[in-house]
Each structure stands twice: as structure tokens, then as C-alpha cells.
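Every chain is numbered from 1 and lettered A, B, ... according to where its sequence line falls, protein lines coming before strand lines. FYI, side chains are in, hydrogens and waters are out, and symmetry mates aren't considered; it's all heavy atoms of this structure.
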Amino acid sequence: MTSITEQLRELFQAALQDILGPSGQGVDPLLRPAADAKFGDYQSNVAMSLAKKTGDRPRDLAERIVQSLKERSPAILDTLEVAGPGFINIRLSDGWLADSLNAVPAIPDTAAADRLGLAPARDPQTVVVDYSSPNVAKQMHVGHLRSTIIGDAFARVLEFEGHRVIRQNHIGDWGTQFGMLIAYLKQEMPDALDPSREVHVADLEAFYRQANALAASDPEFQKTARAEVVALHAGEPSALKAWQFIVGESRRHYLAIYQKLGVSLTEADERGESFYNDRLAPLVADLKKRFAPSDTTKNASATPQTPRVTVEESDGAICVFHCNADGEPMFTKPDGDPLPMIIRKSDGAFLYATTDLAAMQFRVEQLGVDRIIYVTDARQAQHFEMVFAAARGFSWTHRQGKGEVRLDHASFGSILGTDRRPLKTRTGENIKLADLLGEAVSRAEQLIRTNEADPAKRRGFSEDEIADIAEAVGIGAVKYADLCQNRQSDYVFSWDKMLAMEGNTAPYLMYAYARIRSICRKGSGMSEQVQEDTAASADSQAAPDGLDTVFKDPAERALALQLCRFAETIDSVAGGLRVNMLTDYLYDLSGAFMKFYECCPVLSAETAIRKSRWGLCDLTSRVLRIGLGLLGIRVVERM
RNA sequence: GCGCCCGUAGCUCAGUAGGAUAGAGCAACGGUUUCCUAAACCGUAGGUCGGAGGUUCGAGUCCUCCCGGGCGUGCCA
């Protein structure tokens with residue numbers, strides 16, 4: 001399968017160069033799916049925008065483009081029409097559509113089949129996706145959900161495209177709060193560190209609260225806590241051991257959540273704040289030396305857009321100040337003064353900005369990345385603007401002959417309750433992810449049991465099947481509800497909506513999949529007969545894999561077209577980090593399938609038609625399974 | 001105050017570098033099971049895209065102002 005828009009783009013670009021000569025090079029043909037199916041399959045809006053520049057009449061220009069395209073008579077095109085003010089309406093040829101489907105590798109060819117025959121990215125990149133980032137000694141809560149789900153989908157999609165993806169789980173495993181926790185554990189419950197005693201993250205969380213309370217009332221304890229921080233920094237064995245215990249417990253907790261959630265992060269992807277600890281002091285010292293205020297123009301790779309940065313002490317803190325090319329501060333305080341990014345506090349401690357810089361330097365220099373994607377909530381937008389501006393100002397992102405390292409902050413909105421306030425428990429606490437996922441699964445289970453109790457709907461699932469389906473549906477529903485939103489907007493969390501069978505939800509798509517699979521199963525009983533029939537007829541006509549698509553009903557062609565759009569959808573998702581384009585695609589695909597399902601009987605059709613329709617069913621189910629898989633959502637064969 | 005984001009049907013949301021009559025789902029109303037999973041499908045109705053100007057062949061989308069909401073705004077992450 002190859003991207004339709006990509007192929008059309010090449011054709012149009014060749015035509016544009018025919019007409020315009022060299023100036024036609026690099027002109028975007030402005031290809032879109034047709035606004036309305038009655039216009040065709042795709043449209044190009046290039047004539048109208050181009051005519052403005054060249055002074056031609058848009059329709060004349062469109063006609064010349066059409067003429068040039070027709071002279072090439074490519075297999076992909078059926079008809080071309082100029083319409084309205086200068087739209088070029090494109091209808092793809094049935095033969096090309098059928099051939100495209102026939103060329104998709106069949107299931108036995110596993111590696112290629114799992115990619116549906118998509119070509120890997122022409123320019124594979126090394127991409128860090130930084131996501132999830134739970135805090136050690138705390139349970140994961142709803143605040144970690146979006147980063148974890150969205151980041152995982154990015155990682156899967158980019159990997160699918162053929163990029164080298166390095167997942168980075170930047171866990172919060174370092175900081176002054178551990179001094180308190182270590183001191184508390186040692187002092188109040190030394191046996192907690194005994195390996196034979198069962199201590200879970202929930203306990204650590206409680207200890208931490210108690211430690212906080214103790215610190216507030218007991219100056220002596222504060223001192224001990226600070227001493228533990230120093231001891232930990234120095235690598236003192238008992239402090240280090242306590243810290244490792246805490247991190248280990250936390251790791252067990254978050255890995256269990258990932259397992260439940262179906263997230264692809266592993267222990268190997270963990271690169272927490274502690275990893276960068278030793279790099280912070282040298283980094284700050286080096287930056288302070290190299291970007292002292294008197295020395296601001298030494299960035300040899302600077303372009304007019306490159307921020308100019310200085311690193312200097314201010315009120316005892318070491319700060320990065322950013323200016324644009326005009327010397328204006330890029331960030332300002334309420335009073336209009338420049339707002340710096342502090343990288344070392346006046347007490348000598350480092351901050352998350354310092355760690356983020358150290359991590360970026362590591363990724364650029366050690367991991368050799370082409371792109372870094374930070375998946376965090378929108379409230380950190382200014383923080384990342386500052387970090388990115390600093391990195392560019394330091395010239396870290398500039399590479400000789402390889403272009404800039406691309407930095408993306410893939411921000412997202414908050415999860416809101418139905419009251420439109422950030423989602424909390426009734427008592428105002430963050431909802432634990434373990435509880436939320438448990439509720440999702442048990443709600444899904446209830447739905448299944450309700451159906452099983454109804455003789456008309458009963459499928460006769462075993463207890464194991466019910467558990468498996470409930471898990472897939474419940475978790476899938478939570479993930480899909482998140483991914484189908486436009487990332488940047490806040491979204492309202494609603495169990496009823498995400499678990500609904502109607503509309504753009506995981507259960508709906510999973511149900512569509514199960515229905516199609518049911519046909520496939522029934523059809524496979526006939527496949528031997530089909531093969532015999534095929535062999536008996538003119539077998540040279542059949543595609544090598546046995547699929548030979550024919551379009552008898554418009555619904556078959558519409559389904560085929562939608563299937564072929566999978567490739568361009570993946571490109572859009574990866575390019576713009578917009579996963580909701582994939583959910584929309586899958587929902588539209590289900591819609592196209594349902595229209596087909598209603599008017600095109602599969603199993604009762606005559607042999608050639610049955611074979612073709614069976615192939616459409618098979619391919620649709622595969623696209624659904626693989627598409628949902630890219631979102632981290634598992635399908636079930638029956639539900 | 002300044003910066004960023006948002007305001008689209010009663011509700012929840014799409015709307016891909018400005019393109020043809022603004023799309024879904026829910027809720028409402030009406031229809032479809034001798035037929036491959038009805039947890040389904042089809043249809044009807046519902047909108048001055050927060051308001052006002054502007055840019056142009058063409059604006060939900062770009063610019064300016066205003067109204068309403070969210071977030072951020074020097075030693076938390």
C-alpha cells in the first residue's frame with residue numbers, strides 16, 4: 001500500500017513543472033480528499049492559489065494542469081475535471097484501487113503483512129519520545145494518564161513508520177523530598193527497609209505525608225532529612241540503599257500499571273532525573289563560563305532566528321537570559337523585566353530546568369537524536385519554550401550538514417470532570433490510575449454480563465473470556481477516549497461516553513472488528529471451496545495471494561478507497577503528532593464497512609464476488625487491528 | 001499588566017499551510033431483525049462558527065479591537 005496523496009503529489013508536481021518550468025518546482029499541489037463525494041475522490045486547489053501569483057485565470061491554469069496530467073495517462077487516474085472557481089476534481093481509477101488492495105501482502109507473509117505493505121520512511125530518524133514520567137514514592141494518578149497514553153501512541157506510530165524510536169521515561173526519582181522519606185523510614189520504621197516486609201508505594205506515599213507533618217513540627221527532623229539528602233548525594237551506603245529500595249518499589253508499581261494499561265514502556269526505557277545528577281554541576285559551570293554576558297556573540301551557527309542567551313548570576317541564582325535578534329528579552333516578568341530560566345537556585349540546588357537541559361544535551365550528544373518529542377501537559381509550555389530557546393542559543397541543536405535537531409513539545413489539555421474542573425475524587429484527591437483502570441474494566445464487565453443475561457444477546461462466553469474482553473474493552477475505552485480528542489484541548493471524562501457502543505469509541509470499533517472477524521471465520525470454512533473454484537477458472541487472472549477485488553456496488557469501492565487512505569493517514573499522524581486523525585480514520589473506516597455490510601452480502605454471494613468481498617472484510621479487519629494497535633489498543637475476536 | 005490556549009447544534013467534540021452547501025456522536029423524533037454478531041444500521045430535525053470591523057475571488061481558519069473562560073508569569077515540577 002502506498003500513500004495516495006503522495007502519488008498524486010508527484011504527478012501534479014511533474015505537471016506543474018511542465019507548465020511553469022523551473023518555478024514549478026516545489027509548488028505544493030494542495031491535494032485534499034474531495035469536499036463531497038459527488039466531486040470525486042480527491043481535489044487539488046493549486047490552480048486558484050497559483051493564479052494569484054502568475055496572473056493567469058484560475059480555470060485556464062487548471063485546464064492546463066489537467067491537460068498535462070492527461071498526457072501522462074497514469075494508471076491511478078480515472079477522470080479529471082475543472083470545477084467552480086478552479087478546483088481540479090480527481091477520480092481514481094477502479095483498476096488502480098483494486099490493484100492496490102490486491103498488492104497488500106497476505107497474512108502468511110507476517111512481517112510485511114503487519115505493515116500492510118507500507119514502505120518504511122524514506123528518511124528514517126532517531127527520535128526520542130519522552131513521556132509518562134511518574135514520580136517515585138507516589139502512586140500513578142490521573143495526571144499521568146494522558147502523557148502515558150499519547151506518548152505511547154506516538155512511539156508506536158513513529159516506529160511503524162520506520163523511525164528508530166528511543167522511549168525515555170524521565171521519572172522523578174531525585175530531589176530533596178527523598179531526604180525526608182529516607183530519614184523518616186530510618187527513624188520511624190526501620191523495619192520498612194527489611195526486604196521481608198511488604199511495603200508498597202501506597203505505604204511510601206503515606207510515610208511521605210507523615211514525614212512532611214513531622215518536618216513541619218520538628219526542626220531536628222528537618223536537619224536529619226537534609227543530612228540524608230547530603231548523604232544520598234555523596235553515595236553513603238545506607239542512604240543509597242534506602243533510596244534504591246524506594247525506587248525499586250515504585251518501579252514495580254509503575255511497571256504493573258503499564259502492563260495493565262498496555263503501554264510499551266519497559267524498565268530499560270527508564271532514565272530518571274537521578275541519571276543526570278552528576279552532569280548538572282559541570283553543565284552549569286560550563287554554561288556560565290561559555291555564555292557569560294560579555295561573550296554573547298560567539299555562537300558561530302547563529303541565524304537571525306537563533307535566540308541569544310547569556311548565563312549569569314542574579315540574586316544569587318544562576319540564570320539563563322534569552323534575547324531575540326533585536327536584543328529584546330524573549331520572556332518577561334509582570335513588571336516587564338526579563339524573565340530568566342533559573343538553572344541553579346541561590347542555595348546551590350538544581351531545578352527541573354537544569355535536568356531538562358542535561359537530558360537534552362545527553363540525547364543530542366550521546367543518543368544522536370534527530371528529534372525529541374516531550375509529551376507533557378500544556379501548562380509547561382513556557383518552560384519548554386525556555387528550554388528549547390536555551391538549547392538553540394547554546395547551539396546544541398545545530399548540526400553540521402544534518403539540519404537542526406527538531407524539538408517538539410507535544411502538549412495536551414487537562415482531564416476534566418463533568419463539572420469542568422480538573423478530575424478529582426469526591427474528597428479532592430487525585431484519582432489513582434490503578435483505581436481508574438480497575439473501574440474501567442469492571443464497568444466493561446458489567447456491560448458484558450448484562451448482555452449475557454439477555455437470551456437474545458447472549459453469546460455464551462466463559463468466565464475467562466468475559467475477563468479478557470472486559471479488560472480489552474475497559475482499557476481500550478479509556479485510551480481511545482483520550483486519543484480521539486484533539487490533543488491540545490481539555491477533555492471531559494465520562495464513563496458512559498467512552499464505554500458507549502454508539503459513536504466514535506473503542507467499544508464501537510472493537511465490536512465492528514469482532515463482527516467482521518465473525519464473517520471471516522465463517523468465510524474461511526468456505527475458503528477451500530473458493531480456492532477450488534479459483535483453480536478451476538482462469539487462474540492466471542487471480543492475484544498471486546488469491547485476492548482479486550471487484551467493485552459491483554458503490555459501497556465496495558468506497559470501502560476500498562477508505563482502506564487505501566490508511567497510508568496517508570499514518571503520514572499525517574506522524575507529521576503533525578495528531579493521533580485523533582487516526583481515530584477519525586478508523587471510525588470512518590468502520591462507517592464505510594457498515595454501509596458495505598448492509599448492502600453487500602459476503603457469504604451468500606457467487607464465488608468471484610464472495611472472494612472479493614471476503615478479501616475486503618479481511619483487509620478491513622486487519623487495518624482496524626493494526627490501526628488500533630498503533631494506538632495501543634488490543635482487539636478481541638468475539639464480543 | 002504581559003504571554004499562551006480556548007469559545008463551533010441543547011450536550012460532548014471534529015474541522016488537517018483560507019477553498020465548493022460548516023461535520024460527527026449523544027440527547028429528540030421516525031424507521032429497519034424470515035438476512036454474515038441489533039452492543040448494530042438508516043432517516044428527520046437542529047448553526048448569524050462568542051461579538052464587531054478588516055485582508056481577498058473566497059474566512060470557523062489570517063489581522064485588529066471587544067466580551068467570556070482556562071493556564072502561565074524568578075528560585076515547585
Near-parallel close stack of A:Phe87 and B:rA20 base (under 5.5 Å, under 30°):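 The base of B:rA20 is stacked with A:Phe87 (centres under 5.5 Å, planes under 30°).
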
Is A:Tyr511 stacked against the base of B:rA40, taking the criterion as centroid distance under 5.5 angstrom and interplanar angle under 30°?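 Answer is no, no stack.
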
Reckon [X] has a side-chain N or O less than 4.0 Å from the OP1 or OP2 of [N]?
X        : N      : result
A:Tyr597 : B:rA38 : yes
A:Gln380 : B:rG72 : no
A:Arg638 : B:rU37 : no
A:Thr354 : B:rC75 : no

If you find the nucleotide of RNA chain B closest to A:Asn486 and the one closest to A:Gly172, which residue's nucleotide is nearer the 5' end?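 The answer here is A:Asn486.
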
Closest-nucleotide 5' rank along RNA chain B - winner of A:Arg420 and A:Pro507: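 Counting from the 5' end, the first nearest nucleotide belongs to A:Arg420.
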
Quiz question: by atom type and distance under 3.5 Å, do the side chains of [X] and [Y] form a donor-acceptor pair?
X        : Y        : answer
A:Asp356 : A:Tyr276 : no
A:Gln168 : A:Tyr131 : no
A:Tyr254 : A:His144 : no

What is the pairing partner of B:rG72, taking Watson-Crick or G-U wobble pairs with both distances under 3.5 Å in any strand?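 Here B:rG72 is engaged in a pair, and the nucleotide opposite it is B:rC2.
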
Could you let me know what B:rG23 is paired to, Watson-Crick or G-U wobble, both distances under 3.5 Å, or none if it's on its own?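 Across all strands, the one nucleotide that pairs with B:rG23 is B:rC13.
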
By the 4.0 Å heavy-atom rule, please label [X] as base, sugar-phosphate, or nothing.
X        : result
A:Leu339 : sugar-phosphate
A:Gln485 : sugar-phosphate
A:Ala381 : nothing
A:Glu273 : sugar-phosphate
A:Ala83  : base
A:Asp571 : nothing
A:Ala317 : base
A:Val492 : sugar-phosphate
A:Ser314 : base
A:Lys333 : base
A:Pro338 : nothing
A:Cys600 : base
A:Asn504 : nothing
A:Asp490 : sugar-phosphate

Quote, to the nearest angstrom, the [atom1] distance that separates [N] from [M].
N      : M      : atom1 : value
B:rU8  : B:rG60 : P     : 15 Å
B:rA14 : B:rA22 : C1'   : 11 Å
B:rA59 : B:rG3  : C1'   : 26 Å
B:rG46 : B:rG51 : C1'   : 23 Å
B:rA27 : B:rC36 : P     : 26 Å
B:rU48 : B:rA9  : C1'   : 13 Å
B:rA20 : B:rC62 : P     : 16 Å
B:rU61 : B:rA45 : P     : 27 Å

Can you tell me whether the base of B:rU33 sits syn or anti, using the 90° cut around 0 to define syn?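 Syn, angle within 90° of zero.
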
Taking only distance into account, with no hydrogens and no angle test, what donor-acceptor pairs under 3.5 Å do side-chain atoms of residues 491-500 of chain A form with protein atoms, sequence neighbours excluded?
from     : atom 1 : to       : atom 2 : distance (Å)
A:Ser494 : OG     : A:Lys497 : N      : 3.1
A:Trp495 : NE1    : A:Glu439 : OE2    : 3.4

Without decimals, in angstroms, what is the distance between A:Met510 CE and B:rU37 P?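 After rounding, the reported distance stands at 18 Å.
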
Spacing between A:Asn45 atom CG and B:rU56 atom P, to the nearest angstrom: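 A:Asn45 atom CG is separated from B:rU56 atom P by 20 Å.
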
Would you call A:Lys552-A:Glu556 a salt bridge at under 4.0 Å N-O?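 Salt bridge: no.
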
Taking the ring centre of each residue, are A:Phe596 and A:Phe593 less than 6.0 Å apart?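 Yes, the ring of A:Phe596 comes within the 6.0 Å limit of the ring of A:Phe593, centre to centre.
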
Within 45° of the six-membered ring axis of A:Tyr42 and under 6.0 Å from that ring's centre, is NZ or CZ of A:Arg565 located there?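 Judged by the rule, A:Arg565 and A:Tyr42 form a cation-pi pair.
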
Should the ring pair A:Tyr585 and A:Phe566 be called parallel, tilted or perpendicular, given that the plane angle runs from 0 to 90° and is split at 30 and 60?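 Correct class here is tilted.
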
